[in-house]
> 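Before we start, here is the structure in question, set down as structure tokens.
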Amino acid sequence: MNDNKNKNNIIVDKDSYISLNATTKLFDENGNFQFQNDLLAVDKYLEIEILPKFKKFDSTKDRIEYLLNNNYYDLDVFKQYSIDFLVEIFDTAKKYKHHFRSFMGAMKFYTTYALKSFDNKTYLEHFEDRVVCNALLFAKGNQKAALKFLDEMMNERYQAATPTFLNAGKRKRGEYVSCYLIRVDDNMESIARAASAGLQLSKRGGGVAYCLTNLREFGAPIKNIENQATGIIPVMKILEDIFSYANQLGQRQGAGAVYLNIFHPDILRFLDSKRENADEKIRIKSLSLGVVVPDIAFELAKENKEMALFSPYDVEKEYKKPMTDISITKEYYNLLNNPKIKKTYISARKLFQLIAEVQFESGYPFLLFDDTANQKSATLNHRIIMSNLCTEIIQVNTPSALTSNLEYKHLGEDVCCNLGSLNIAKVMENAANFEETVRWAVIALNSIAYSADLSSAPTIENGNANNRAIGLGAMNLHGFLATNKIYYDSEEAIDFTNMFFYALAYFAYKASNELAIKTKFVFKNFKNTKYADGSYFNKYIECEQGYWSPKTKQIKELLEKCKFYIPSKQDWINLKENIIKYGLANSHLLAVAPTGSISYLSSCTPSLQPIVSPVEIRKEGKTGRIYVPAYKIGFDNYAYYAKGAYEMGVYPIIDICAAAQQHVDQAISMTLFLTENATTRDLNKAYIYAFNKKCLSIYYIRIRQEVLKDSEKLFECTTCVI
């Protein structure tokens with residue numbers, strides 16, 4: 001055994017990848033960081049756990065033929081290419097000499113993503129093989145495009161979301177799509193169809209969210225008989241059981257969310273279902289909750305007024321349309337003064353306090369700012385009514401009409417979204433070619449929109465066919481900032497974020513416009529959007545030249561050094577004219593997802609969030625604790641990682657997300673971190689700040705508990721660390 005001791009006489013077994021990984025948290029005998037031990041842990045992990053269990057082949061050709069003939073690889077994807085090209089692209093991928101930059105990344109890949117034998121005993125893929133499968137899927141037979149996709153992904157500028165990266169090219173797989181949003185209307189047929197779709201979609205590996213706002217409240221009449229309806233909780237129970245039962249070949253657990261408007265009479269029961277001491281009859285354990293909050297709720301809370309909760313059953317009778325399809329903010333006083341609409345009352349401030357209390361207990365509910373989302377939406381004739389499991393998808397759902405045997409009289413549109421993320425640090429290393437990277441990312445996501453088989457959920461399939469919506473996001477913001485000696489909670493960080501997403505939006509719209517010209521496909525509702533007359537882009541045009549430009553000296557110099565192109569006012573004018581003339585191929589383009597799993601895979605910081613600590617502690621199944629050093633952390637940049645998300649507080653995170661949100665047509669998955677000393681009042685202030693900064697949503701609320709502090713302290717000399 002090859003071992004040594006650190007300055008605290010802790011024995012470090014260098015033949016153990018677990019031991020090596022654990023020492024990244026410790027100083028060596030000279031008081032230096034040991035982050036490099038994490039890279040040694042990667043090599044040791046591959047040596048001990050992976051290579052001995054990897055199936056050997058005589059040649060690349062033999063490997064391809066074996067995997068095709070034994071139903072591991074999908075013939076429909078591979079048959080678009082000659083065997084000679086397949087050998088070429090797999091061999092080309094090896095020449096990139098990929099090496100995981102963290103033990104967590106290596107373990108995440110081989111336990112979650114890599115193709116294994118059907119008995120799970122033998123590994124059949126390395127990272128570059130999985131990337132090739134994605135490139136082949138995206139390119140649809142175009143060899144040059146496949147090699148280009150390979151280059152973007154092997155250089156880590158673009159990373160497909162988990163469902164795509166996991167399933168591409170596999171014969172036995174789930175779907176490529178990340179998430180689905182389903183509207184539920186107030187009838188048994190709609191509920192039954194929604195439950196069935198959720199079962200099918202969860203089986204295929206996507207997260208499914210439902211809007212329950214239109215369901216009649218507890219005690220509402222059924223067939224004019226009073227006090228018959230059981231409200232939304234039983235429906236939530238059904239959905240929770242569905243997601244517990246259906247998963248993707250055991251690889252990904254089913255995951256679901258439900259959204260409810262804050263003005264629904266069942267809102268208190270909805271919130272109580274997540275309380276730690278909730279009655280088992282109403283307790284919801286695994287389903288995520290989201291609350292849709294119109295502007296008027298904030299106004300009533302500000303004025304310390306009572307707010308009315310309106311019966312969706314009565315609203316639909318009076319307005320001849322469901323509650324989701326009216327603006328509560330615009331109609332609030334009309335609803336309030338209508339004697340035919342039953343209402344109950346609660347203090348607006350008390351309700352926001354209750355939301356905060358539940359968030360302290362569970363992290364839920366997520367929040368969607370209703371009017372902000374609808375004002376931002378380019379769609380003119382339908383409302384945003386919900387979001388998804390991670391609060392970054394903001395699209396339109398339209399109603400369906402069903403017969404009693406669940407056939408469609410009218411097929412509405414529900415939402416799916418295909419996700420992928422740019423690695424900001426890697427993109428900026430090649431910033432002169434930013435436009436090209438964005439173009440290929442949009443093409444990749446658009447390809448998935450065409451490839452997905454959504455026939456098990458007809459409303460989802462219809463929405464996808466009509467809209468081809470995608471969600472290109474970004475990750476590793478904190479990693480990029482720290483390695484360029486920029487503090488996350490600084491004016492320069494906000495400045496960079498603003499400029500990065502400003503350019504990203506321009507290049508993404510340009511790419512979708514070029515796709516529309518090339519493919520002759522324009523999403524169906526284009527004429528009924530702010531894109532059709534160009535008004536959506538007025539904020540970039542009706543301003544002084546230079547308005548959208550760096551405001552700080554450091555960022556200006558950095559972008560100039562990187563040869564980062566900043567689109568001009570004239571660029572936007574020209575693009576607007578082309579979009580009016582030729583349209584867009586995709587109804588939605590940008591959405592910033594949480595990127596939890598793929599950021600570990602890429603050994604980078606998640607999404608736009610700050611790190612939790614310079615070395616994060618994760619608990620991963622049988623492996624136990626894993627220590628995850630921040631992206632390229634070292635002595636020279638440690639100070640820029642030293643302050644974690646909890647110490648930094650909520651406001652810098654909101655400022656960063658608000659800067660990006662100006663340019664993102666959907667939303668940003670924004671988690672807020674509070675210390676154990678925070679109060680519900682602090683959380684309410686955070687809502688108001690995010691709302692005023694025009695953020696569209698709030699994802700999880702994370703509260704650091706006192707009991708966790710010792711295990712989260714870094715670089716402490718404890719004998720139990722290994």
Side-chain angles (χ1 to χ4, degrees), residues 12 16-28 33-46 49-50 98-114 127 156 159 162 165 421 423-426 475-483 488 593-635 637-648 671 673 700 702 704 708-716 718 720-722:
V12 179
S16 166
Y17 54 85
I18 297 296
S19 175
L20 283 165
N21 170 255
T23 60
T24 60
K25 186 183 175 183
L26 300 173
F27 293 113
D28 68 12
F33 298 130
Q34 297 189 93
F35 299 128
Q36 74 283 356
N37 281 358
D38 194 49
L39 295 176
L40 297 176
V42 172
D43 294 336
K44 192 60 65 176
Y45 173 69
L46 295 176
E49 295 291 343
I50 305 303
H98 175 268
H99 190 278
F100 290 102
R101 290 192 308 276
S102 71
F103 169 60
M104 182 66 175
M107 197 193 72
K108 178 66 71 174
F109 175 75
Y110 286 106
T111 58
T112 303
Y113 296 94
F127 178 82
E156 302 179 82
Q159 173 61 50
T162 288
F165 194 66
S421 293
N423 184 328
I424 294 173
K426 293 297 182 179
M475 59 186 178
N476 209 13
L477 175 64
H478 196 176
F480 171 78
L481 295 173
T483 52
Y488 185 95
T595 73
S597 187
I598 63 169
S599 61
Y600 288 125
L601 179 68
S602 301
S603 304
C604 69
T605 63
S607 187
L608 306 187
Q609 302 289 145
I611 60 164
V612 174
S613 59
V615 178
E616 183 186 357
I617 303 171
R618 294 282 300 180
K619 290 185 178 179
E620 292 288 325
K622 296 179 181 178
T623 307
R625 285 187 179 184
I626 294 178
Y627 299 87
V628 189
Y631 176 76
K632 291 188 177 181
I633 189 171
F635 180 79
N637 60 35
Y638 178 79
Y640 300 90
Y641 283 124
K643 188 187 290 186
Y646 290 108
E647 291 76 22
M648 205 176 291
T671 297
F673 301 82
Y700 280 111
R702 299 297 192 197
R704 183 171 63 188
L708 297 178
K709 287 180 69 178
D710 288 339
S711 66
E712 289 182 346
K713 287 179 181 176
L714 301 173
F715 308 115
E716 295 227 342
T718 56
C720 63
V721 71
I722 298 176

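Quick note: numbers below take in every heavy atom, side chains included, and nothing from hydrogens, waters or symmetry partners.
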> Rounded to the nearest 0.5 Å, how far does OH of Y627 lie from CD1 of I18?
10.0 Å
> Measuring centre to centre across the rings, with the benzene-like ring taken for any Trp, is Y700 within less than 6.0 Å of F673?
no
> With sequence neighbours left out, write down each residue that passes side chain to side chain contact (heavy atoms under 4.5 Å, CB included) with S603, or none if nothing qualifies.
R101, S102
> How far apart are the closest heavy atoms of Y638 and I633, and which atoms are they?
CD1-CD1, 3.7 Å
> Within a strict 4.5 Å, meaning less than it, do heavy atoms of the P606 and M475 side chains meet?
no
> Is there side-chain contact between I617 and V615, with at least one heavy-atom pair below 4.5 Å?
no
> Taking atom OG1 of T162 and atom NZ of K108, what is their separation to the nearest 0.5 Å?
8.0 Å
> When you compare the side chain of Q159 with that of F165, does any pair of heavy atoms fall below 4.5 Å?
yes
> Would you compute the distance between atom CE of M104 and atom CZ of R618 and round it to the nearest 0.5 angstrom?
5.0 Å
> Name all residues meeting the side chain to side chain donor-acceptor pair (under 3.5 Å) criterion together with E647; count only those two or more places apart in sequence or in a different chain, and write none if there are none.
R704
> How many angstroms lie between atom CD of E49 and atom CE of M107, to the nearest 0.5 angstrom?
10.5 Å
> Kindly write out the residues that satisfy side chain to side chain donor-acceptor pair (under 3.5 Å) with H99, not counting sequence neighbours, or none if the list is empty.
D43
> Short question: side chain of T595, backbone of I598 - any donor-acceptor pair under 3.5 Å?
no
> If you take all heavy atoms of P594 and S607, which pair is closest and at what distance?
O-CB, 3.5 Å
> Please answer whether the main-chain N or O of N21 pairs with a side-chain N or O of T24 as donor and acceptor at a distance below 3.5 Å.
yes
> Looking only at heavy atoms, which two atoms of T111 and Y45 are closest? And how far apart?
CG2-OH, 4.2 Å
> Show your working on side chain to side chain contact (heavy atoms under 4.5 Å, CB included) between Y113 and L601 and close with a plain yes or no.
CA-CA 9 Å; Y113 296 94; L601 179 68; 4.2 Å; yes
> Nearest 0.5 angstrom please: L40 CG to Y17 OH, how far?
15.0 Å
> Is the side chain of Q34 donor-acceptor paired with the backbone N or O of K25 at a distance under 3.5 Å, no angle test?
no
> Between S602 and C604, is there a donor-acceptor pair closer than 3.5 Å when you use the side chain of the first and the backbone of the second?
no
> With no hydrogens and no angle check, is any side-chain donor or acceptor of N637 less than 3.5 Å from a backbone partner on G634?
yes
> Going through the checks in order, is the side chain to side chain contact (heavy atoms under 4.5 Å, CB included) test met by L477 and Y488?
CA-CA 9 Å; L477 175 64; Y488 185 95; 4.3 Å; yes
> With sequence neighbours left out, write down each residue that passes side chain to side chain contact (heavy atoms under 4.5 Å, CB included) with K632, or none if nothing qualifies.
K426, E429, T483
> So, do I611 and E616 sit near enough that their side-chain heavy atoms are less than 4.5 Å apart?
no
> Taking side chain to side chain donor-acceptor pair (under 3.5 Å) as the definition, give me every residue that meets it alongside N476, ordered by chain and number, with sequence neighbours left out.
N423, T605
> Who pairs with Y110 by side chain to side chain donor-acceptor pair (under 3.5 Å), at least two apart in sequence or on another chain?
H126
> Ring centroids only, cut at 6.0 angstrom: are Y641 and H478 within range, meaning strictly under it?
yes
